Amino acid sequence: MPRMVLTGNHAVSYAVKLARVQVIAIYPITPQTAIVEKLDEMIESGEFDADIIHVESEHSALAAAYGAAVGGARVFTATSSHGLLYMYEVLWWVAASRMPMVMVVVTRAIGPPWNIHTDHHDIMSMRDSGWLLAMAENNQEALDLTLLAYRVSEDPRVYLPVAVGLDGFILSHTAEPVDVPEQSIVDRFLPERRQPYTIEPGTDVSMGNIFSDEYFEELRMDMQKSMLEALNVIREAGREYGRLTGRSYEKLVDCYKCEDADYLFIGIGSWMGDAKIAAEKLREEGLKFGVARLRWIRPFPVDELLEAASGKKLLVVMDRSISMGHTGPLYADVSGATGSRVPVYGVVAGIGGVDVSYKDFVSIGKWAVERLEEEGVTHLPLTWYHNGVFNYMYPVKL
Amino acid sequence: MVIVDPHGHLLPLSRAARGAAGRTGSWRTKKPLLNESRCVGCLVCWLFCPENTIDIVEVDGKSMPRIDYEYCKGCGVCAQVCPTKAISMVEEGG
Ligand code: SF4
Ligand code: SF4
């Protein structure tokens, strides 16, 4: 298995090639563009055989990929920020027509003002659309999760699209060593494309007509059933990926020193690496922190989360986005899942790419334990951490 | 007709079928009348009818149009496109 030094973007390009993707439809946007530049290069040099459709907008990029997928091709597209928002309508079409496909979202703040650095508002806006959502912590995961995404999406028990997120610049433009699996291994892991139907010229079916309201609702209920089924499909595929490559993705929640921890950071993406370093530092000071990083946000891995949270004194949910007027979206998900079992704090930070280092996580950890132990606060839905200051931004104290 | 895939998923697909969208009923205000003596059988009307409600029938070995009033919406497109003015729109019930 060759080890290469790859940026997150190029790690994704290699995964797309290894997945034997047939059609790529794309519109450029920073920080995603390098993925497709690399794919273009691979096609040009003859090492990869796929069609690239250069379109005039992201709405068309997803629509073209969708059309090719409906026609029977394994497809790929990628975007960021405003590009994802421009795709928004088509996201729902792809999911509710049960069309397997994979997209990579290189996360980036949404303007105005203009900002090209990471936060998670773009990918979090997909939560309700019927796409499965995974989020990478490092470049190795960006590659592995992209391959896993194809396998899960095309599994007949799922038949829903999958988006894989990676943090803009922090991963997309930073190079680290990545193990790139052999083609023969990926071929064993990823069977030929399967999909619920194809539409080609001459096919006598049409999609998207008006149906009864009851049928519409039943179709949505079936999507939710498949989402729940996907929890097991991901575990099964993740286990097999581990058997083939030595890197298991059986767990939807990556637990770092959760077992003996009193307190847990919970979050998604690359900054959970900083949270892990902070957990070590906090432990040196006698505060037993662990990190429960959600590798998958949809389906929400509630069973694994409850297991990780069981017996803990406090969960500190770190959101890199906010549902304006309420709380961070992950906080809402986590506190909704745990109910009154365990105290949960929600902290929003790192919006617009503001750097959050392990030192910040150390301060947040100490601050949280103080609130719990000294003030007895059990629920603190939204504190916005900015430049070392804890800003309380929730109307009621609990 | 709705379509379910072999794995039991409900799909937003439908298969074309005669009258899938229902009969026109009573709301058509004008209907196309074909004057067979002017018709040359070019089938431009058949091609243009947006409702696909002009059929082709064999008359003396020639392909000729026949309007199906069960589904004709009375839009008048056929009358507009007919090169010989063989179709005229007349008041419904008139
Ligand atoms: S009036 Fe319209 S719907 Fe009726 S036959 Fe002519 S073109 Fe078709
Ligand atoms: S377009 Fe006019 S002439 Fe041609 S087939 Fe129709 S009715 Fe006849």
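Throughout, a chain's letter reflects where its sequence line sits, starting with A, and its residues are numbered from 1. As the structure is a computational prediction, the values presented were derived from the model and not from experiment.
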Exercise. Say whether, by atom type as modelled, one donor and one acceptor occur between the side chain of B/H7 and the main chain of A/D155 under 3.5 angstrom.
Key: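 No, B/H7 side chain to A/D155 backbone: no donor-acceptor pair under 3.5 Å.
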Is the [atom1] atom of [X] crowded by more than 12 outside heavy atoms at less than 6.0 Å?
X	atom1	result
A/E217	CD	no
A/Q183	CD	yes
B/E58	CD	yes
B/K73	NZ	yes
B/Y71	OH	yes
A/F216	CZ	no
A/W92	CH2	yes

Side chain from CB out, backbone as N, CA, C, O: work out which of these in [X] comes under 4.5 Å of a heavy atom of chain B, or both, or neither.
X	value
A/R220	neither
A/I199	side chain
A/S226	side chain

Minimum heavy-atom distance between [X] and [Y], given as atom pair plus value:
X	Y	answer
A/D222	B/G8	OD1-O, 4.2 Å
B/P12	A/S97	CG-CA, 3.5 Å
A/Y215	B/L10	OH-CB, 3.6 Å
B/L13	A/F211	O-CZ, 3.1 Å

Exercise. Nearest 0.5 Å please: distance from the CG atom of A/N209 over to the CZ atom of B/R15.
Key: 12.5 Å
Quiz item: Quick one: CE on A/M223 to NE2 on B/H9, what's the gap to the nearest 0.5 Å?
Solution: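 Here the interatomic distance stands at 11.0 Å.
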